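Okay, so here's the structure we're looking at.
Every value quoted in this text rests on a predicted model; they were computed, and no experiment measured them. Chain letters run A, B, ... following the sequence lines, proteins first, then strands; residues in each count from 1.
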Amino acid sequence: MRYETSFRLNGTPVSVSVEPSRTLLHVLREDLGMTGTKEGCTDSECGACMVLLDGEPLNACSYLAVQADGREVTTVEGLSAPDGSLSALQRAFLAHGGVQCGFCTPGMLISATALLARDPDPAEETVRAALSGNLCRCTGYQGIVQAVRSAAAEIREG
Amino acid sequence: MTIRTPERIVGEGAQVGRSMPRVDAGEKLRGEARYVGDMSVPGMLHGKVLRSPFPHARIISIDVSAALALPGVVAVLTGEDTLDIDPYWGHAIKDRPIVAIGEVRFVGEPVAAVAAEDEATAEAALAEIVVEYEELPVVGTLDDALAADAPLVHDGPIRPGLFHGLGTLPDRDGNICYRYGFERGSVDEVFEQAEIVVEGEYTFPGVYQYAMETHSVIAQWEGGEVTLWATCQHPFLVRAEIAALFDLPLGRVRIIVPYLGGGFGSKSYTKMEPITVALARKAGRPVRIVNRVDESMVTTRRHGAKTWMRTAADRSGRLLAREARVWFDTGAYADNGPRVTATGADSAPGPYRWSGVRVEASCVHTHTAPSGSYRAFGASHVQWAGELQVDEVARRAGIDPVEIRRLNLLTPGEQVRPGGKPLDADLIGDIRKVADALGWDEPREPGIGRGISVGLLAAGAHPVSSAIVRLEADGEAIVLVGSTEMGQGQRTAFAQIAAEVLAMPAERIRCQGTDTRFTPYDRSTGASRSTTLAGLAVQRAAAEVRADLMEIAGKVWPDAGDAVELRDGAAWWKGERRSYPELIARRFGLSGGQLIGEGGVHPEGTGSYAEGPVFWEVCIGAAEVHVDRETGVVSVRRTATVADVGTAINPLLVERQDEGATMQGIGNALLEEMVYREGMLLNDSLLDYRIPTIEDLPPEQVCVIVENADGPGPFGAKGCGEGAFAGIIAAIATAVADAGVRVDELPLTPERVWRSSQGQPKEDAKG
């Protein structure tokens with residue numbers, strides 16, 4: 001049994017026929033070729049699979065694709081401008097060395113994007129709390145915290 | 001925060017020494033960077049592995065008929081399918097079958113593998129495989145393994161692998177598969193007469209490296225060749241091992257390494273490649289296997305270790321002798337155990353001047369997951385034990401921990417071990433800097449402990465690397481080098497090194513992943529060797545291109561001689577400028593060509609382990625902790641590390657390496673432990689096995705970058721990123737001890753700390 005599932009993916013309408021047991025993560029990666037979102041622990045522990053669902057961060061490994069019907073999904077591929085230019089947050093990750101192996105990066109960006117959308121001036125503790133569901137084994141997190149706070153300042157100053 | 005000492009002055013336009021953004025960050029930030037799990041090849045099947053539920057059992061029978069009958073299942077592999085070749089592998093000791101043959105030796109050992117049209121079918125097929133086991137006695141711990149009547153995990157002769165690099169391997173002794181030790185000076189005599197003797201036994205847990213990307217492989221047999229897209233740190237060693245296993249010439253095995261989602265040693269040497277190749281061979285189609293986290297956890301892990309150690313000193317705090325016995329739990333198969341054992345033994349004395357030293361280290365089999373490399377192996381296992389004892393000597397001698405180290409540390413040029421490389425770092429200068437960075441002399445509040453530690457790690461592994469630099473007709477350059485980008489930033493460092501030599505912006509240099517068909521040989525990515533050794537090869541290759549450019553410029557300006565200057569992608573003489581594209585066109589004509597340079601590094605002697613290391617990596621850390629005696633919770637308030645890198649090719653990358661190592665050190669010291677009971681792993685998920693999150697970040701973290709240009713690498717550089725790991729583990733342990741809690745077992749969980757702080761303080765010294 002398959003269900004027609006339609007949602008907006010990074011602003012573009014998509015429609016896929018999916019079995020009800022399949023996760024949004026697998027449909028994004030396998031059916032739609034959006035491999036920027038990573039498959040990590042498949043346990044909602046590491047945050048590598050995070051996407052925005054109607055603007056809220058979500059572990060796509062633990063969410064059924066059919067539930068996304070009629071909603072708005074944003075993946076890491078949708079964070080930069082169509083011409084490829086980086087968002088303020090992405091630029092800050094670049095400048096502050098918030099990227100190493102890159103495997104946690106898509107999920108980190110998703111969580112941080114959601115944070116900055118609801119809090120334009122987050123305190124360091126707020127940044128830490130917001131990103132506590134995203135594991136990173138390389139960076140030691142320091143560059144990531146700096147990047148998020150510096151991006152917030154840049155966005156505020158326009 | 002970073003402190004750089006001494007302040008280096010770098011020239012305008014200099015490429016080395018600037019914190020340029022990583023060359024690969026754009027791809028990674030856009031979600032465009034491809035990892036093996038993101039890739040597929042035409043006709044590819046999905047592989048899943050059936051793993052043993054028992055730590056030790058005989059396989060009576062395997063029935064795969066129901067699995068094969070499932071629609072979509074193409075092949076099922078069992079041990080029987082590998083009997084046409086010699087199916088045992090292992091770079092150190094050839095002890096590990098591709099798939100279990102007649103016996104399983106740890107929970108998680110591959111028993112069969114399925115290739116199917118999709119992952120769900122492959123997964124479903126695993127449940128249809130019927131295996132009959134007869135359970136056998138389990139050697140669950142080091143103590144079990146070393147007991148007089150212990151069952152043997154292996155009983156055949158040792159078969160040396162291709163790359164153990166440790167001379168002649170001795171015969172097995174019970175469950176001990178390798179021993180390494182040394183004795184210098186007079187040990188027993190010194191201990192008999194010493195005024196201060198400190199003795200203790202210390203336990204280090206088995207831990208999971210946790211690269212976020214699990215081990216992943218695509219294998220394809222086509223036209224008598226095997227091609228692998230694989231998560232490997234050492235692609236050329238994997239190529240050799242696959243070629244040997246499947247009886248193929250080296251040139252018929254091709255390994256392609258895209259980006260790695262972290263490695264830390266877990267992807268060093270061969271891991272999931274043999275089973276994927278065997279499954280593809282059986283299926284007659286390409287196969288991809290992507291481990292789950294619980295599978296990667298038992299594919300390789302860090303050795304648990306037990307250390308008995310004693311240290312002798314006189315009452316003024318002068319260190320006299322040290323004796324250590326260390327047992328490394330290498331699990332069911334040797335993996336990198338022998339090298340970990342040797343490196344641990346070499347780290348056990350610590351970088352001090354001794355009248356006598358005796359160290360004996362053993363690599364021991366148990367029925368648990370095989371143990372291999374993990375960042376700063378060896379040093380991480382033993383440095384904290386030695387440093388706790390140095391602190392105890394200091395306490396009894398009534399001197400400060402920094403002072404006792406200053407009194408006893410080796411100085412540059414002194415022998416670290418006979419016949420090996422003398423000390424090549426200013427340790428006394430380094431510990432002063434790290435102490436200042438931590439605020440060592442500031443007054444401390446109750447409940448606060450401070451710790452400082454210093455050690456050495458034999459770094460660089462085997463010195464064989466090569467590189468090719470190609471300057472294209474448009475003035476852009478390409479660097480080909482077989483070292484793996486796993487997050488450490490080597491592609492950026494290589495671009496900067498080549499750019500410095502070629503006097504052009506690093507942004508115009510591309511460095512791609514390894515494809516063994518085209519990329520020249522590099523031994524391995526680990527042991528902090530890439531910047532130092534592969535970087536030296538890149539520097540030499542770029543120098544050949546530079547010489548070519550100078551030769552062409554000499555034809556443009558016959559009177560210029562040596563006065564031609566290369567700057568900003570062009571040659572200059574007396575105000576005249578010729579861009580690199582113009583010079584290349586001058587040599588090759590209008591259609592252009594390439595200037596190609598080659599560079600290599602090889603051992604100056606025989607390349608034996610004893611001659612090494614390439615350099616001594618400095619393992620220095622300092623920590624300030626708060627210990628809550630009511631709850632046992634240890635919080636790290638401040639850390640400081642030293643990146644003694646000779647020359648920082650990219651200071652931002654250096655700093656981020658040390659911060660990453662610091663966090664992993666905090667994890668190993670306070671949180672992480674693979675909990676085994678009778679060979680069963682109890683915490684095989686990230687829910688139960690906790691690594692540091694962003695909330696564990698210490699409020700203050702300082703990385704001191706020391707640049708004395710005393711490294712053997714390009715521009716005086718030497719590697720980093722591992723030393724801080726061992727340094728921080730030991731600094732946290734000594735800091736907790738400083739706060740008044742006895743420490744002899746890691747990790748320092750609240751329960752352990754609480755138990756220890758509630759009990760009577762145990763005398764460290766039995767002597």
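Looking only at atom types and distance, the side chain of B/Gln488 has no donor-acceptor partner in the side chain of A/Gln100 under 3.5 Å away.
The CE atom of B/Met663 sits 12.5 Å away from the SG atom of A/Cys138 when rounded to the nearest 0.5 Å. With values rounded to the nearest 0.5 angstrom, B/Thr214 atom OG1 is found 6.5 Å from A/Phe103 atom CZ. Residue A/Leu135 holds its CG atom at 4.5 Å from OH of B/Tyr210, rounded to the nearest 0.5 Å. The CD atom of B/Glu213 lies 7.5 Å from the SG atom of A/Cys101; values are rounded to the nearest 0.5 Å. Put simply, OG1 on A/Thr42 and CZ on B/Arg292 are 7.5 Å apart, with the number rounded to the nearest 0.5 Å. Atom CZ of A/Phe93 and atom CG of B/Leu29 lie 7.5 Å apart (nearest 0.5 Å).
Here the closest non-hydrogen pair linking B/Leu652 and A/Ala95 is CD2-O, 3.7 Å. Here the closest non-hydrogen pair linking B/Leu687 and A/Glu45 is CD1-OE2, 2.9 Å. Of all non-hydrogen atoms in B/Pro21 and A/Leu94, the two that sit nearest each other are CB-CG, 3.8 Å.
Using a 4.5 Å cut-off between heavy atoms, B/Gln209 touches chain A through its backbone atoms (N, CA, C, O) alone. Of the two parts of A/Glu30, only the side chain, counted from C-beta on, holds a non-hydrogen atom closer than 4.5 Å to a non-hydrogen atom of chain B.
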Report the C-alpha separation of B/Arg34 and A/Thr35 in whole Å, then their side-chain angles, then the decisive distance to 0.1 Å, and conclude whether the side-chain contact (heavy atoms from CB on, under 4.5 Å) test is met.
CA-CA 8 Å; B/Arg34 291 268 186 277; A/Thr35 54; 2.9 Å; yes

Is there a side-chain contact (heavy atoms from CB on, under 4.5 Å) between A/Asp43 and B/Val293? Walk through the geometry before answering.
CA-CA 9 Å; A/Asp43 245 354; B/Val293 163; over 6 Å; no

A/Gln142 vs B/Leu697, test: side-chain contact (heavy atoms from CB on, under 4.5 Å). Steps then yes/no.
CA-CA 8 Å; A/Gln142 200 71 259; B/Leu697 189 55; 3.8 Å; yes

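At a threshold of 4.0 Å, the pair B/Glu672-A/Arg137 counts as salt-bridged, since one of the basic side-chain nitrogens sits closer than that to a carboxylate oxygen.
Ranking A/Glu39, A/His96, A/Met34 against chain B, the residue ahead of the rest is A/His96, based on heavy-atom pairs under 4.5 Å. For the set B/Glu659, B/Met212, B/Glu27, the count of heavy-atom pairs under 4.5 angstrom toward chain A peaks at B/Met212. Ranked by heavy-atom pairs under 4.5 Å with chain A, the list B/Asp658, B/Asp38, B/Thr693 is led by B/Asp38. Between chain B and the options A/Gly84, A/Ala48, A/Gly40, the largest number of non-hydrogen pairs under 4.5 Å is found for A/Gly84. Ranked by heavy-atom pairs under 4.5 Å with chain B, the first of A/Gly33, A/Ser80, A/Cys41, A/Gly143 is A/Gly143. Among the candidates A/Lys38, A/Glu125, A/Arg22, A/Glu77, the residue making the largest number of heavy-atom pairs closer than 4.5 Å to chain B is A/Lys38. Of the listed residues (A/Gly36, A/Gly102, A/Cys136), the greatest number of heavy-atom pairs within a distance under 4.5 Å of chain B belongs to A/Gly102. Each of B/Leu260, B/Thr662, B/Asp24 has some count of heavy-atom pairs under 4.5 Å with chain A, and the biggest count is that of B/Leu260. Listed options B/Met20, B/Glu695, B/Gln657, B/Glu485 were ranked by heavy-atom pairs under 4.5 angstrom with chain A; first place goes to B/Glu695.
Under a 3.5 Å cut-off, the side chain of A/Arg29 and the backbone N or O of B/Gly37 do form a donor-acceptor pair.
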